[in-house]
Enquirer: 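This structure is in structure tokens; I'll ask about it shortly.
Below, chains carry the letters A, B, ... as their sequence lines are ordered, and counting in each starts from 1.
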Amino acid sequence: DTGVSQDPRHKITKRGQNVTFRCDPISEHNRLYWYRQTLGQGPEFLTYFQNEAQLEKSRLLSDRFSAERPKGSFSTLEIQRTEQGDSAMYLCASSSNRGLADTQYFGPGTRLTVL
Amino acid sequence: QKEVEQNSGPLSVPEGAIASLNCTYSDRGSQSFFWYRQYSGKSPELIMFIYSNGDKEDGRFTAQLNKASQYVSLLIRDSQPSDSATYLCSVSGGYQKVTFGTGTKLQVIP
């Protein structure tokens, strides 16, 4: 399977705990995106990497959120001191810079529940 | 004004009919436009993209773009119950900025 993968698929945690999610993009894709999606809403942009460089981060992203892509391959998203409002589906997408449109392919997502 | 607007629906169409889904956007500098399908509890899957004015057809799907009116639509011909899902419109002004609408829920009635 050469699609985008995410791990874990589900995470239940208690308020105040830290969580870390992993995303493995399509191997030839140099761009990687993180989104958050809540029920009834479209995906909300969180951050974007081109290779290992984090080029954009949403103003909505609090300091409790951090993302890395150390070798330009897989990425991690960490949420510190989780809050109930962090409960959502966290989606990762990847794309390449070939072609005219930056077509993003999504992974299956990580569903986070904060109790 | 939201950057990308879609009617949340639900849009109900009978099996075999044409479903028409609409999306408007506010940024005139937008360059690329995407339609994704999302089944409940699943992640979005790409249906098609369009970046030039006019129509683009792919099987039962046709995307239509009118940059002057800042309007993009998706037509689904011969709608099937398996097409029942939420359809997300996304707009890109460049490789960094991608904005999604809230999606339109489509119900195809057998």
Enquirer: Under 4.5 Å heavy-atom distance to chain A, tell me which part of B:Gln38 shows up: side chain, backbone, both or neither.
Expert: side chain
Enquirer: Determine the minimum heavy-atom distance between B:Ile47 and B:Asp58, stating which atoms define it.
Expert: O-OD2, 4.2 Å
Enquirer: Under 3.5 Å, side chain of B:Tyr71 to main-chain N/O of B:Gln64, donor-acceptor pair present?
Expert: no
Enquirer: What part of B:Phe33 is in contact with chain A, defined as an atom under 4.5 angstrom from a non-hydrogen atom: side chain, backbone, both or neither?
Expert: neither
Enquirer: Has A:Thr82 got a side-chain atom pairing as donor or acceptor with A:Lys14's backbone, closer than 3.5 angstrom?
Expert: yes
Enquirer: For A:Glu68, is there any backbone N or O sitting under 3.5 Å from a side-chain donor or acceptor partner on A:Ser75?
Expert: yes
Enquirer: Does A:Gln104 reach the main-chain N or O of A:Tyr33 with its side chain, forming a donor-acceptor pair under 3.5 Å?
Expert: no
Enquirer: How close do A:Cys23 and A:Val4 get, counting heavy atoms only, and between which atoms?
Expert: SG-CG1, 3.8 Å
Enquirer: Name the region of A:Gln37, side chain, backbone, both or neither, that has any atom closer than 4.5 Å to a heavy atom of chain B.
Expert: side chain
Enquirer: Could you please state which residues from residues 108-115 of chain A sit under 4.5 angstrom from chain B, measuring non-hydrogen atom to non-hydrogen atom, sorted by number, or 'none'?
Expert: A:Pro108, A:Arg111
Enquirer: Which heavy atom of A:Gly42 sits nearest a heavy atom of B:Leu88, and at what distance?
Expert: CA-CD2, 4.1 Å
